Amino acid sequence: MSKEAFFIKGDRSGLSLQIPEDLEFAEVINQLRTKLASAHHFFAGATVVLTEGVRKLEPAQKVVLESTIKEFGMQLETKQIEQKPESTPVRTDETLPDEETLLQRRTIRSGQKIRFSGNVVIVGDVNPGAEIVCSGDILVLGALRGVAHAGCNGNTEATVFAFRLEPTQLRIAQYISRAPDGKVPLPLGPEVARITENVIRISAYS
Amino acid sequence: MGKSIVITSGKGGVGKTTTTANIGTGLAQLGRKVCLVDADIGLRNLDVVMGLENRIVYDLVDVIEGHCRLRQAMIKDKRMENLYLLPAAQTREKDAINPVQMQELITQLKEEFEYVIVDCPAGIEQGFKNATAGADLAIIVSTPEVSAVRDADRIVGLLEAQELYDPKLIINRIRPEMVRKGDMMTIQDMIDILAIPLLGVVPDDESIIISTNRGEPAVMDKKSQSGQAFRNIVRRLEGAEIPFLELDDNSVVGRLMRMIGVGKR
């Protein structure tokens with residue numbers, strides 16, 4: 001199993017992924033995971049183009065590959081794969097400014113994920129087990145109890161705002177912080193998280 | 001045309017089957033024509049809880065596969081004339097039927113019954129999809145545990161994706177003395193997370209274990225506190241506005257506090 005299962009190559013147009021044809025698919029995914037995990041979100045926010053022709057993947061395999069890549073905050077570009085109905089279409093054109101804002105008037109529940117290129121505003125709660133990932137700011141007019149990742153393309157100016165900021169995990173650009181273990185004193189009012197001095201800091205919103 | 005209700009939870013062991021049996025029996029006590037459907041194929045329990053296990057000849061899968069007519073598979077309750085059970089198959093698995101077939105079956109039952117109540121299996125896979133197909137209303141059962149509430153939340157999301165909106169919540173097995181001590185989630189905690197309307201709160205009650213094992217739903221026991229909770233739930237389903245039970249805190253401290261007039265719940 002010493003053979004590298006895949007190649008991630010970078011050039012001006014982005015990253016491309018090649019999978020050799022003679023390796024078992026499970027092993028490919030295995031090695032991809034190891035590689036991406038060791039890169040510590042170096043690739044987060046990037047778009048990977050799957051170079052086909054070398055190996056034809058079955059639709060089911062493609063879905064697995066896509067979800068693995070998504071786990072590490074990346075997107076897989078293929079024309080055949082349809083977006084899952086629960087998720088929001090993702091803009092992959094990185095040259096666009098993060099001006100667009102997605103407004104959601106509902107509770108984002110466990111197992112639901114919102115990915116968006118731009119800002120996200122939730123009028124409602126984000127429950128534990130839910131995930132919001134976007135390239136801009138995140139505003140939750142309600143309680144944020146799930147996972148939020150603002151500035152996922154590396155924008156360290158991005159902020160996360162919530163009426164009740166009690167996230168499971170908070171990510172801004174490449175920075176990650178989590179809720180302290182044990183009982184946490186509840187925030188009294190609206191709070192905002194932003195990066196100062198290379199650390200995610202939470203302060204009362206004024 | 002009747003109304004179909006699915007009783008679901010995501011997590012196992014929170015009391016879906018007991019709730020189904022009690023709501024069904026309670027509605028029948030009010031004179032409604034009710035059919036209970038056990039959708040937990042391969043792990044059927046509703047027949048046991050209803051005490052009708054020994055009367056099963058045909059089951060739901062037999063009906064769907066055309067081995068018998070619908071009427072032949074339906075078991076009349078031994079206590080009430082207007083209550084029927086359609087049992088699940090025990091020797092088959094969830095994929096023996098599909099949501100389309102289930103929907104047709106429910107529609108057929110709704111023509112004859114005022115309420116069709118479906119007992120959903122735990123999980124979010126095929127069994128869940130079958131059970132929720134054709135439902136007009138979903139009732140989500142949860143216990144005051146973080147894991148059960150998390151699963152319930154996931155279920156609300158999945159039901160929304162199936163365009164089954166506005167589910168109702170039943171909180172099962174609440175223990176007032178633990179809530180008072182801060183060791184258990186409060187009703188308000190659960191409503192805050194799930195953001196769905198509360199249909200009822202059922203206290204943790206030994207008598208329900210006894211009645212479940214005997215195959216006699218607690219709702220028939222006039223003295224049981226959980227039975228009272230289910231009678232209230234049934235009347236709320238029928239549109240009545242009933243205040244929520246003041247749950248008795250039966251611990252020593254709770255009784256003492258009531259004696260000196262401090263404890264409210």
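Computation of the quantities below employed the complete heavy-atom set of this structure, encompassing side-chain atoms and omitting hydrogens, waters and symmetry-equivalent molecules. Note that the structure is predicted; figures quoted are calculated from it, not measured. Lettering follows sequence order; numbering is per chain, from 1.
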- Message: For B:R236, is the CZ atom crowded, meaning more than 12 foreign heavy atoms sit under 6.0 Å from it?
- Response: yes
- Query: Do B:D153 side-chain atoms and A:R109 backbone N/O form a donor-acceptor pair below 3.5 Å?
  - Reply: no
- Task: Calculate, to the nearest 0.5 Å, the distance between atoms CZ and CG belonging to B:R154 and A:N127 respectively.
- Result: 12.5 Å
- Query: Can you tell me if OH on A:Y205 sees more than 12 non-hydrogen neighbours from other groups inside 6.0 Å?
  - Reply: no
- Item | Exceeds 12 heavy-atom contacts within 6.0 angstrom, atom CG of A:L103 | yes
- Supply the atom-to-atom distance B:D151 CG to A:S110 OG, rounded to the nearest 0.5 angstrom. 7.5 Å
- Assess whether atom CD of A:Q169 is packed by more than 12 heavy atoms of other residues, nucleotides or ligands within 6.0 Å. yes
- Do B:I193 and A:P128 come close enough that some side-chain heavy atom pair is under 4.5 Å? yes
- Item | Where A:G129 and B:R150 come nearest, the two heavy atoms and their spacing | N-NH1, 4.1 Å
- Taking atom CD of B:E238 as the centre, report whether more than 12 heavy atoms of other residues, nucleotides or ligands fall under 6.0 Å from it. yes
